[in-house]
Enquirer: 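This is the structure, below, for whatever I ask next.
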Amino acid sequence: MMLESLNVWVLGLGAEYGVNPYIFAVIYIGAIPFFLGSIGWLVRNARAVRSTVLPAMSAGFFFISAYLYLGIFGHDIPVWVWGFVGSLLGFGSASAIRDTKRKIASGRSPHSISPSR
């Protein structure tokens, strides 16, 4: 009974804002392997001193894909939701960039000169 009530509530929110919450969840979760693959591609290109533009754009797209769905198909989304999404994206981006830089740096030889902080 509790799961049924939760399902009705979630679907009600989706109908109110014009999005299917289950499609959002599938996009959100389904994009994870593509995002991670793009980060691997980016790290590999950075270590090989090749262009990282396309892998970075790919990673960015998969990072925001569920929110693109919300932005394109949603309507009357409250401002606080967009503020929350912006905060999540900002924090997540900063974390992903920091981790990616760390992965790229770990591929350098131990004798290479690292930039001062």
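Please read all numbers here as calculations on a predicted model, not as lab measurements.
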Enquirer: Search all heavy atoms of G14 against all heavy atoms of P21 and return the closest pair with its distance.
Expert: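 Closest heavy-atom pair between G14 and P21: CA-CD, 3.8 Å.
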Enquirer: How long is the span from the CZ atom in R44 to the CD1 atom in I104, to the nearest 0.5 Å?
Expert: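 Taking CZ in R44 and CD1 in I104, the distance rounds to 12.0 Å.
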Enquirer: Working note: N7 + L3, criterion side chain to side chain contact (heavy atoms under 4.5 Å, CB included); need CA distance, chi angles, decisive distance, verdict.
Expert: CA-CA 6 Å; N7 185 49; L3 285 178; over 6 Å; no
Enquirer: Do any pairs count as a salt bridge (Lys or Arg N to Asp or Glu O under 4.0 Å) and have a residue in residues 86-107, sequence neighbours left out, and if so which ones?
Expert: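 Salt bridge (Lys or Arg N to Asp or Glu O under 4.0 Å) check on residues 86-107 returns D99-R102.
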Enquirer: Sequence neighbours excluded, which residues qualify as ring pair (Phe, Tyr, Trp, His ring centres under 6.0 Å) partners of F73?
Expert: Y69
Enquirer: Give the cluster check for I39 versus I29: same hydrophobic cluster or not, with ILVMFWY residues linked at side-chain heavy-atom distances below 4.5 Å.
Expert: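 Yes, I39 connects to I29 through the hydrophobic network.
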Enquirer: Main chain of F91, side chain of S95: is a donor-acceptor contact present, judged purely on distance under 3.5 Å?
Expert: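 Looks like no, no N/O pair under 3.5 Å.
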Enquirer: With respect to F34, which candidate in F63, W41, Y28, F62 satisfies the ring-ring contact (aromatic ring centres under 6.0 Å, His included) definition?
Expert: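 The option that passes is F62.
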Enquirer: Taking a hydrophobic cluster as the set of Ile, Leu, Val, Met, Phe, Trp and Tyr residues connected by side-chain heavy atoms closer than 4.5 Å, whether directly or through intermediates, do V19 and V8 fall within one such cluster?
Expert: no
Enquirer: To the closest 0.5 Å, what do you measure between CG (L42) and CZ (R47)?
Expert: 11.0 Å
Enquirer: When the ring centroid of Y67 is compared with that of F24, is the distance short of 6.0 Å?
Expert: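 Distance test on ring centres: under 6.0 Å, yes.
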Enquirer: Given the rule that I, L, V, M, F, W and Y join up when any side-chain heavy atoms are under 4.5 Å apart, are L89 and I27 in one cluster?
Expert: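 Linked, L89 and I27 end up in one cluster.
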Enquirer: Which atoms form the tightest heavy-atom contact between F35 and A96, and what is the distance?
Expert: CZ-CB, 4.1 Å
Enquirer: Evaluate the side chain to side chain contact (heavy atoms under 4.5 Å, CB included) criterion for residues L70 and Y17: first the C-alpha distance (whole Å), next the side-chain angles of each, then the deciding distance (0.1 Å), finally the verdict.
Expert: CA-CA 9 Å; L70 183 65; Y17 298 117; 5.7 Å; no
Enquirer: Under 3.5 Å, is there a donor-acceptor pair between the side chain of S58 and the main chain of L54?
Expert: no
Enquirer: Identify whether I23 and V26 are in the same connected component of the hydrophobic contact network (ILVMFWY, side-chain heavy atoms under 4.5 Å).
Expert: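 The answer is no; the residues belong to distinct hydrophobic clusters.
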Enquirer: Calculate, to the nearest 0.5 Å, the distance between atoms CD1 and CG belonging to I64 and L88 respectively.
Expert: 13.5 Å
Enquirer: When rounded to the nearest 0.5 angstrom, what is the spacing between OG in S87 and CH2 in W82?
Expert: 13.0 Å
Enquirer: Please say yes or no: joined through hydrophobic side-chain contacts below 4.5 Å, possibly via intermediate residues, are F61 and V53 part of one cluster?
Expert: no
Enquirer: Treating N45 as the side-chain partner and R50 as the backbone partner, does any N or O pair qualify as donor plus acceptor under 3.5 Å?
Expert: no
